[in-house]
Amino acid sequence: MPASCNQVVFFEKGLLVDSEHGNPDKGVINLTVMVEKKVKRKDRHPPVDKLLKMYREMLTIRAFEERAGELYASGAMPGLVHLYSGQEAVAVGVCAALNTDDYIASHHRGHGHCIAKGARVDLMFAELLGRLPGYCRGKGGSMHIADPLTGNLGTTGIVGGGIPIATGAALSSKLRRTTQVGVCFFGDGALNQGILFETMNLASIWKLPVILVCENNLYGEFTASDTVTAGKQYTSRGQAFSIPSKEVDGMDVLAVHQVADEAVRKARAGKGPTFFVCNTYRFKGHHAGDQKQSYKREQETEEWTRKDPIPRLSQWLLSKKLVDRSILSKIEEEVEALVQEGLEFAQNAPEPGPDELMKHVYAE
Amino acid sequence: MTEMNYAEALVDGLYISMDSDPRVSLIGRHVLGLSPLRYLMERIRDAFADRILNPPVSEAGIASLGVGAAMAGARPFVDIATASFVFEAWPQVVNEAANAHHMSGGQFTVPVVFHMLHGLRGGGSAQHSHSPQAMLWNCPGLEIVLPSSPRDVKGLIRTAVKSDNPTVFIVHSKLFTLKGDVPEGDYEIPFGQADIKREGGDVTVVATSLVVQKALEAANALSQEGIEVEVVDPRTIVPLDKEAILRSVAKTGRLVVADECNLSCGVASEIAAIVAEYAFESLKAPILRVARPDVPVSFSAPLEDYITPTPEKITAAVRKVLG
């Protein structure tokens, strides 16, 4: 075996494009190098502090959603909550590629995106409970959390509603000549909303710095998406508008992050939009009251639970000897304490009075 | 002071808006629809080409991108063109733009302008002839502007662009050639300030947009018979200058409300309800509304004429409230 077997080579679309050890013209390819390269690609990972931040954020989302589900079950909270448990890798992987002043827009299953973008759990709990110190002074609730300081344009209760809003923010960035980007998170349900197609068309013709992230968790409410979504592949929807479109393992935070990072760099460089579909799964029901989840196929939840992104990351970190178990345990404790503190803050927070009703109908 | 027509005044106000604030952008390059006066927009297209986007036929798309852009530091002027097309963008206007400030607890403002041309335009038929302002009035969070004269359209467009609220700016193509005195340079007309277009002591006629001009025609004709009509033009229905309307009714005791919406739940209906509630003691006769009958608009010209609010219909209503 040649001594320089470990030489880094690059593959694009399965073709050998640069190598000291193989010459495609002469049909010589060093298979050992090919195998090693595949492994090396995955080794290009973010720095450890960033990885630990991702771990912390995913844990925070999971803990927050657990508490939110309990609040719903206890009757303490008005309205509905749509829990993100299981999908954490998407919110965290994408937001890890963004700056504070980049924009996101999300939807009814949006707590994860808010937290990953930097929202505080105490103010989020307060908003879920409709209390005055909540992000929206209790006037938005779970489905309408917004936080301008972290570029969070808001979650919307309308499927697909946030897609053009984030794209509009990207338009604003282009008009103002900044390098800010916009990210819209939406589900497989939104793949059939007309506004997605209008937005894709506009984003494409105007080369807007927007990243369109579809979280395919297999169900639009209680309906299996593949039974109501025409077209062979979901990515075709982006390709129809000449938008580079990919599919990603949505249970792998590093895979999501890599794709998101590439898309963000492209957008900042003025190269326009990207669309990617993250294959993921919600461990809970459509909303917290959907306990039986009878529409889910048998064994499905167990299958997907085995792909849980949180232990997947911790196991990977440990196997690569990037961190000690004790560091992870410390983070786990801190998250629990933070979330518990946040919940107590919200439970003791005052409710808005009737004078709050007429405020903010119009800007002063 | 200079004389210009409504279209020139609109373009002048829009030009000043884009010139004075680099955040103002235009989504849709036409603004004046299919009017023969649409060449007036050329100077804006020449001066601000880098801030003008030429969109596909995608009203929901441009309206919602306008909302998102407005939430993120831009001040877009979105041309919906024919008012009937706002229905394509309806959820964006009423469920996103109108709600964002309130449901974010005041954290976001949406300084977008939605511009449209409403009403019976002559052969527009059922699908191009809507006056959606009353429907929009029922969606809290929007400002709704109905300029009726060259001086008003220029001053109000300045206020609309400067407003931090989502503003629906509704003009009428049949007003474009109307000439009037317009102050030169930059000026603003505040929202919620009605204009007494004509003073009179016998009957109050509240009217909006093109129908203001019809009311003035009716008033001039009635003046020959010694009947003096006071024409009150709210200029903006949201915010509405209720006090100006009530003051006028307190003076005359008789009210006709005339506008171009369909009768049921139209602008005239709401104004009538307000006056009935707050000025009942002043009224010497029931309130009459002049509006379009509740029918889809027919194509045929005589049928369109039949449903159009005219000076004659306003005159007839005035005579009726006088008894």
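Computed from heavy atoms alone, side chains included, the values below leave out hydrogens, waters and symmetry copies. Reminder, nothing fancy here: chain letters follow the sequence lines and each chain counts from 1. Fair warning: this is a prediction, and the values are worked out from it, not measured in the lab.
- If you take CZ on Arg23(B) and OG on Ser172(A), they are separated by 10.5 Å, rounding to the nearest 0.5 Å.
- The neighbour count for Phe48(B) CZ, taken as heavy atoms of other residues, nucleotides or ligands under 6.0 Å away, is above 12.
- By the 6.0 Å contact criterion, CG on Leu357(A) is enclosed, its count of non-hydrogen atoms from other residues, nucleotides or ligands being greater than 12.
- For the residue pair Ala363(A) and Asn165(B), the shortest heavy atom distance occurs at N-OD1, 2.7 Å.
- Of the listed residues (Leu153(A), Ile158(A), Leu175(A), Asp147(A)), the greatest number of heavy-atom pairs within a distance under 4.5 Å of chain B belongs to Leu153(A).
- From Ser64(B), atom OG reaches atom CG of Leu202(A) across 7.5 Å, with rounding to the nearest 0.5 Å.
- The 12-atom threshold is not exceeded at CD of Gln127(B), counting heavy atoms of other residues, nucleotides or ligands nearer than 6.0 Å.
- The shortest heavy-atom contact between Ala146(A) and Phe108(B) is CB-CE1, 3.8 Å.
- Smallest separation of non-hydrogen atoms from Glu96(B) and Gly161(A): OE2-CA, 3.8 Å.
- Interface remark: Asn152(A) contributes backbone atoms only to the contact with chain B (heavy atom separation under 4.5 Å).
- Between Tyr362(A) and Val238(B), the shortest heavy-atom distance links the atoms OH-CG1, 3.1 Å.
- In terms of heavy-atom proximity, Ile205(A) sits nearest to Pro56(B) at CD1-CD, 3.7 Å.
- The aromatic ring centroids of His360(A) and His102(B) lie 6.0 Å or more from each other.
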Derivation and outcome, side-chain contact (heavy atoms from CB on, under 4.5 Å), residues Thr156(A) and Asn95(B)
CA-CA 10 Å; Thr156(A) 175; Asn95(B) 217 6; over 6 Å; no

Check the pair Leu149(A) / Gln107(B) against side-chain contact (heavy atoms from CB on, under 4.5 Å), numbers first and verdict last.
CA-CA 9 Å; Leu149(A) 292 178; Gln107(B) 293 183 96; over 6 Å; no

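- Interface check for chain B: of the options Gly138(A), Gly140(A), Pro148(A), Ala169(A), the most heavy-atom pairs under 4.5 Å are formed by Pro148(A).
- Contact of Leu208(A) with chain B is made through the side chain alone, with heavy-atom distances under 4.5 Å.
- The shortest heavy-atom contact between Leu65(B) and Trp206(A) is CD2-CZ3, 4.1 Å.
- With values rounded to the nearest 0.5 angstrom, Leu171(A) atom CG is found 5.5 Å from Leu53(B) atom CG.
- Between chain B and the options His144(A), Lys359(A), Lys174(A), Arg137(A), the largest number of non-hydrogen pairs under 4.5 Å is found for His144(A).
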